[in-house]
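In listed order, ligands and their atoms are each counted from 1.
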Amino acid sequence: MKAAPSLLSCDFSKMGEETVRIDKAGADFVHLDVMDGHFVPNITIGPAIISSLRKYTKLPFDVHLMIEHPLDYIDAFADAGADIITFHIESDSDAEKTIDKILSRGIKAGLVIKPATPAEAVFPYLDKLYMVLVMTVEPGFGGQSFMADMLPKVSAIKAECLKRGLDVLVEVDGGVSEKNAGLCADAGVDICVSGSTVFKSADMAKTIAELKVNS
Ligand code: DX5
Ligand code: ZN
């Protein structure tokens, strides 16, 4: 399992240095949480910050859009240097059109499902996706408790992909720590996002290594 530390829990006054820190500590991706205060009740960062971070690492930028109208902002995040853009199926934008827009920019596309959304909601789109992100907390804030009852959705998505001969990665996000990383890997998770656990750690490299179960 690969690790995608989320900068949501970093020191926002030093985001460049924090990006370098997770890179040196063994991160596989940089997870960037974009919140608009509408789709979720919190406001975080936008394309200008992401663009300013691009020079600090060559790691892929995994941009998680928690915004109401993702289709309207794909160009802005593509220009900012996103490598993967994931957006919520519960957002207002048409999923097919938004995926096609992301792909037209040469970027990998991912769909995200909130805890109340079933795994089957992403099945019609799997053939165009690089990744499905299964939320293991309600989106909006770092530091919440991991919802282990979301893991059957991971297994259902992996099983559907296997049945159809598709190679789609499954990522989980929210409350992931070294304590539940094994459970995630056993369920078939390919990439885990981790914010507060990574940034609170006294030994970031050790924590990231512990998250990377079987890799
Ligand atoms: C929550 C965000 C997560 C968050 C995870 O809405 O999507 O990426 O940063 O943080 P932790 O690992 O603290 O739950
Ligand atoms: Zn996220």
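Listed by atom number, the atoms of ligand 1 under 4.0 Å from Gly142 heavy atoms are 10 (O), 13 (O). Close contacts of ligand 1 with Leu8, meaning ligand atoms under 4.0 Å from a residue heavy atom, involve 4 (C), 9 (O). Per-residue contacts place Phe141 under 4.0 angstrom from the following atoms of ligand 1 (heavy atoms of the residue considered): 1 (C), 6 (O). Those atoms of ligand 1 that come under 4.0 Å of a heavy atom in Val193, given as number and element, are 8 (O). If you number the atoms of ligand 1 from 1 as listed, the ones under 4.0 Å from a heavy atom of Gly174 come out as 14 (O). With ligand atoms numbered from 1 in the order given, ligand 1 contributes 7 (O) to contacts under 4.0 Å with heavy atoms of His64. Each of the following atoms of ligand 1 lies closer than 4.0 Å to a heavy atom of Pro139: 6 (O). Close contacts of ligand 1 with His31, meaning ligand atoms under 4.0 Å from a residue heavy atom, involve 8 (O).
A salt bridge links Lys128 with Glu96: at least one charged nitrogen is closer than 4.0 Å to a carboxylate oxygen. Here Arg105 pairs with Asp75 in a salt bridge; the nearest charged N to carboxylate O distance falls below 4.0 Å.
Where the criterion is an N or O separation shorter than 3.5 Å, residue side chain and backbone included, Met66 fails it with respect to ligand 1. Taking any N or O of Glu138, backbone or side chain, none lies under 3.5 Å from an N or O belonging to ligand 1. When only interatomic distances are considered, the shortest N/O to N/O separation between Gly175 and ligand 1 falls below 3.5 Å. Considering backbone and side-chain atoms together, Ser194 places no N or O closer than 3.5 Å to any N or O of ligand 1.
For atom 2 (C) of ligand 1, the closest heavy atom belonging to the protein is Asp33 OD1, 3.5 Å. In terms of protein heavy-atom proximity, atom 3 (C) of ligand 1 is nearest to Asp173 OD1, 2.8 Å. Of all protein heavy atoms, the one lying nearest to atom 13 (O) of ligand 1 is Ser196 OG, 2.5 Å. Protein heavy atom closest to atom 12 (O) of ligand 1, with residue, atom name and distance, is Gly195 N, 2.8 Å.
Nearest approach of Tyr56 to Val20, heavy atoms of both residues: O-CG2, 3.6 Å. Here the shortest heavy-atom pairing between Glu210 and Ala181 reads O-CB, 4.1 Å. Residues Asp173 and Met135 share a closest heavy-atom pair of O-CE, 3.5 Å.
With the Zn ion (ligand 2) as vertex, His31 NE2 and Asp173 OD2 subtend 100°, rounded to 10°. Angle subtended at the Zn ion (ligand 2) by His64 ND1 and Asp33 OD1: 90°, rounded to 10 degrees.
Asn42 places a side-chain heavy atom less than 4.5 Å from the side chain of Phe141. Under the 4.5 Å side-chain criterion, counting only non-hydrogen atoms from C-beta, Ile74 is not in contact with Phe87. No side-chain heavy atom of Pro5 sits less than 4.5 Å from a side-chain heavy atom of Ser194.
When Gly143, Cys10, Gly140 are ranked by how near their heavy atoms come to atom 11 (P) of ligand 1, first place goes to Gly143.
Ligand 1 does not have Thr197 within reach: every non-hydrogen atom of the residue lies 4.0 Å or more from it. The shortest heavy-atom distance from Phe146 to ligand 1 is not under 4.0 Å.
The environment of CZ in Phe77 is crowded: more than 12 heavy-atom neighbours from other residues, nucleotides or ligands sit within 6.0 Å. Asp149 CG: more than 12 foreign heavy atoms inside a 6.0 Å radius.
Between the side chains of Thr207 and Ser201, at least one donor N or O sits under 3.5 Å from an acceptor N or O.
Of all the heavy atoms of Ser6, the ones lying under 4.0 Å from any atom of ligand 1 belong exclusively to the side chain.
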> Given Asp33 and Thr44, is the side-chain hydrogen bond (donor to acceptor under 3.5 Å, both in side chains) satisfied, shown in steps?
Replying inline: CA-CA 7 Å; Asp33 287 303; Thr44 56; over 6 Å; no
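Between His88 and His64, the ring center distance clears the sub-6.0 Å criterion.
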